[in-house]
Amino acid sequence: MSAPFQLKPLPFAEDALSPVINAQTLGFHHGKHHATYVNTLNKLLENDPLKDSSLEEIVKAAHGKPEKQALFNNAGQVWNHDFYWNSLRPNGGGKPTGKIGDLIKDSFGDYDKFKSEFANAAVTQFGSGWAWLCAEGNKLTIRKTPNAESPLHMPGVKALLTIDVWEHAYYLDYQNRRVDYANAVIDKLLNWEFAEKNLG
Ligand code: MN
């Protein structure tokens, strides 16, 4: 799929993640912030040779090129938000079982250590950005990225789940308490089925 890109609908109702993330936050976040990235991306692509490329190809091709910074930012944010919505589900979160559960134990020691490392990445990302659960070789890892960056352009790193830590993701519900938002998402919303699917 290439330009013009469409804003994909949320994979759940706007009020389905309440009270962890309320409908008002999702309405602004998806309907305004995410939508603006899609619209800006389409405008930037009108006269760009990358206009026939897929979203993933655009993110990878534009990364690290100063003359493509705006294109990278908007394409990256569209990809990151699509990935974020799929990283969440109503009645999700908590300790996973199966293959992912085994990998968590193997890679972090136990679920509580995974949780504190993931929340810590979310809290210590200075300014806007993202916290990620990734697969690297046969281990799971935690990473954080600024602004529109993601593991998509990191060789050998596969994204499994993400938490958006831009203020627009949590400010209406948690104000400055990013740590409470991160812990609530990890405890109650993470979509482990999506993570397992991304493992391949
Ligand atoms: Mn966002």
Side-chain angles (χ1 to χ4, degrees), residues 4-45 55-56 58-60 62-63 69-90 92-93 118-134 142-154 157 159-191 194-195 198:
F5 292 98
Q6 306 288 324
L7 176 65
K8 288 184 192 155
L10 286 172
F12 34 72
E14 254 180 30
D15 60 359
L17 305 185
S18 179
V20 182
I21 300 175
N22 284 307
Q24 192 190 17
T25 295
L26 284 182
F28 278 108
H29 196 173
H30 177 258
K32 305 290 184 195
H33 292 279
H34 188 177
T36 300
Y37 295 128
V38 174
N39 293 337
T40 308
L41 172 63
N42 285 330
K43 281 198 196 92
L44 289 168
L45 283 170
L55 184 60
E56 293 197 6
I58 294 167
V59 173
K60 288 177 186 168
H63 182 248
Q69 186 68 50
L71 187 61
F72 172 78
N73 286 341
N74 286 279
Q77 284 295 77
V78 173
W79 191 88
N80 290 356
H81 282 87
D82 288 343
F83 199 89
Y84 173 59
W85 306 131
N86 283 303
S87 295
L88 310 177
R89 52 159 287 182
F118 202 12
N120 188 54
V123 170
T124 58
Q125 169 55 42
F126 185 76
S128 296
W130 303 81
W132 304 85
L133 174 66
C134 304
I142 303 289
R143 287 177 173 264
K144 54 187 175 181
T145 60
N147 303 318
E149 306 265 335
S150 76
L152 196 53
H153 40 77
M154 298 177 188
V157 183
L160 303 183
L161 292 173
T162 194
I163 303 175
D164 187 342
V165 299
W166 284 59
E167 280 191 348
H168 65 223
Y170 61 88
Y171 209 81
L172 293 174
D173 296 319
Y174 298 88
Q175 293 75 51
N176 60 315
R177 293 173 284 113
R178 192 192 282 189
V179 65
D180 291 350
Y181 156 75
N183 280 316
V185 167
I186 296 167
D187 282 336
K188 293 170 184 163
L189 296 184
L190 287 183
N191 185 344
F194 181 63
N198 289 324

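Remember, it's 1-based here, ligands and their atoms both numbered in the order they're listed.
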Participant: Answer with yes or no after comparing the ring centroid distance for H168 and H30 against a 6.0 Å cut-off, counting only values under it.
Facilitator: no
Participant: Which angle, to the nearest 10 degrees, do you find at the Mn ion (ligand 1) between NE2 in H168 and OD2 in D164?
Facilitator: 120°
Participant: Closest to the Mn ion (ligand 1), which N/O/S atom of H29 is it?
Facilitator: NE2
Participant: Regarding H81, does it place an N, O or S atom less than 2.8 Å from the Mn ion (ligand 1)?
Facilitator: yes
Participant: Write down the atom of A195, the atom of L161, and the distance for their closest heavy-atom approach.
Facilitator: CB-CG, 3.7 Å
Participant: Just checking, is any N or O donor in the side chain of N73 or Q77 under 3.5 Å from an acceptor N or O on the other one?
Facilitator: no
Participant: I need the single residue from W166, Y37, Y84 that forms a ring pair (Phe, Tyr, Trp, His ring centres under 6.0 Å) with H29. Which is it?
Facilitator: Y84
